[in-house]
Amino acid sequence: MSISFSKIGRWTAELVFVFIGVYAAFSLNNYQQHQQEAKRRDQILASLERTLREGIESGRINATKEEQQASDFQRALDAGEMPPLHPFVFTTDYSPGDFATLLQSGGIELLNVETLTALRNDESVIRWGLSRMARYQKLSDELIVPNLDQDISFFYDPATRKLRKRFETYPEALQATVKFANDLERTHTELLKRIQSERQRNR
């Protein structure tokens with residue numbers, strides 16, 4: 001069976017038009033998908049940026065108070081004043097699931113590698129710090145809280161005016177709280193800079 005050149009030309013033109021139509025639709029779909037991903041990425045980054053700003057601000061206020069308390073206690077201790085011990089209480093609304101939820105919701109595919117690294121570093125500091133705070137609070141619950149009605153000599157050796165051995169971790173706990181606050185501000189600030197840089201680059 002013979003096919004005329006005019007038919008071949010018409011089929012070729014139709015094929016080209018079909019190809020162009022499919023390619024245009026594919027390109028439009030890719031463009032729309034890219035726009036959706038960009039919007040989703042910015043929403044995630046904006047949420048992280050807002051949370052970090054609030055965390056840094058409140059953290060600085062708390063760090064100032066904690067540093068003052070630790071400094072006052074150590075100064076009194078060094079002066080032999082036998083300052084009273086108070087229950088060590090550390091509360092937080094942090095949830096390990098928040099980080100996992102962020103990554104599972106697409107953050108790991110959408111965020112820049114450097115931003116993810118900074119996020120993981122921040123998460124590591126939080127986990128390590130909270131683990132240490134939980135240890136000090138456990139010691140406080142076991143050693144200090146049940147004995148708050150005891151005389152000061154229960155906590156100090158009156159002869160040396162130094163803390164008894166089982167309570168020597170108390171000033172260490174106060175300093176650890178200050179260090180945790182400072183470490184958090186450092187990693188929060190580093191992560192905030194990465195997020196701001198990524199948001200600026202994506203605009």
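- Between the side chain of Tyr156 and the backbone N or O of Pro83 there is at least one donor-acceptor pair closer than 3.5 Å.
- Under a hydrophobic-cluster definition in which Ile, Leu, Val, Met, Phe, Trp and Tyr are linked whenever side-chain heavy atoms come within less than 4.5 Å, directly or via other members, Met133 and Val89 are assigned to different clusters.
- Centroid-to-centroid, the aromatic rings of Phe73 and Tyr170 come within less than 6.0 Å.
- Side-chain atoms of Thr51 come within 3.5 Å of backbone atoms of Ser47 as a donor-acceptor pair (strictly under, hydrogens ignored).
- Between the NE2 atom of His86 and the CG atom of Leu148 there is a distance of 9.5 Å, given to the nearest 0.5 Å.
- In this structure Arg135 satisfies the side chain to side chain donor-acceptor pair (under 3.5 Å) test with no other residue, sequence neighbours excluded.
- With sequence neighbours left out, the salt bridge (Lys or Arg N to Asp or Glu O under 4.0 Å) criterion links Glu185 to Arg60.
- For the pair Glu190 and Asn121, the minimum side-chain heavy-atom distance is 4.5 Å or more.
- Using a 4.0 Å cut-off between a side-chain N of Lys or Arg and a carboxylate O of Asp or Glu, Arg194 and Glu198 do not qualify as a salt bridge.
- Minimum interatomic distance between Ser140 and Pro146 (heavy atoms only, all atoms of both residues): O-CD, 4.3 Å.
- For the atom pair CG of Leu191 and CG of Leu184, the computed distance is 11.5 Å after rounding to the nearest 0.5 Å.
- Annotation: salt bridge (charged side-chain N to carboxylate O under 4.0 Å, His left out) contacts involving residues 159-184, sequence neighbours excluded, comprise Lys179-Asp183, Asp183-Arg186.
- Rounding to the nearest 0.5 angstrom, the gap separating the CG atom in Leu116 from the CD atom in Glu123 is 12.0 Å.
- Within the structure, the salt bridge (charged side-chain N to carboxylate O under 4.0 Å, His left out) test picks out the following pairs touching residues 139-156 (sequence neighbours left out): Lys138-Glu142.
- Within the 3.5 Å criterion, the main-chain N or O of Asp122 finds no donor-acceptor partner in the side chain of Thr187.
- Two different hydrophobic clusters hold Val145 and Phe88 under the rule that ILVMFWY side chains link at heavy-atom gaps under 4.5 Å.
- In summary, the side chains of Gln74 and Asp78 do present a donor paired with an acceptor at a separation below 3.5 Å, with no hydrogens or angles considered.
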Next item on the list: Apply side-chain contact (heavy atoms from CB on, under 4.5 Å) to the pair Tyr136 and Leu174, showing each step before the final yes or no.
Entry: CA-CA 9 Å; Tyr136 287 127; Leu174 296 181; over 6 Å; no
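- Residue Ile56 comes nearest to His188 through the heavy atom pair CG1-CB, 3.6 Å, listed as atom of the first residue, atom of the second, then distance.
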Checklist line | Verdict with reasoning, Asn62 to Glu66, per side-chain hydrogen bond (donor to acceptor under 3.5 Å, both in side chains) | finding: CA-CA 6 Å; Asn62 292 333; Glu66 291 158 359; 5.3 Å; no
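- The distance from the CD1 atom of Ile152 to the CG atom of Leu85 is 7.0 Å, given to the nearest 0.5 Å.
- With sequence neighbours left out, the salt bridge (Lys or Arg N to Asp or Glu O under 4.0 Å) criterion links Arg75 to Glu81.
- Of the possible polar contacts, one joining the Thr117 side chain to the Val113 backbone as a donor-acceptor pair under 3.5 Å is found.
- Between the side chain of Ser124 and the backbone N or O of Arg120 there is no donor-acceptor pair closer than 3.5 Å.
- Separation of atoms CG (Leu143) and CZ (Phe155) is listed at 9.0 Å; rounding is to 0.5 Å.
- Taken together through direct or relayed side-chain contacts under 4.5 Å among Ile, Leu, Val, Met, Phe, Trp and Tyr, Ile195 and Leu119 form part of one hydrophobic cluster.
- For Arg53, the salt bridge (Lys or Arg N to Asp or Glu O under 4.0 Å) partners at least two apart in sequence or on another chain are Glu49.
- Using a 4.5 Å cut-off between side-chain heavy atoms of Ile, Leu, Val, Met, Phe, Trp and Tyr, with links allowed through other members, Ile144 and Leu77 fall into the same hydrophobic cluster.
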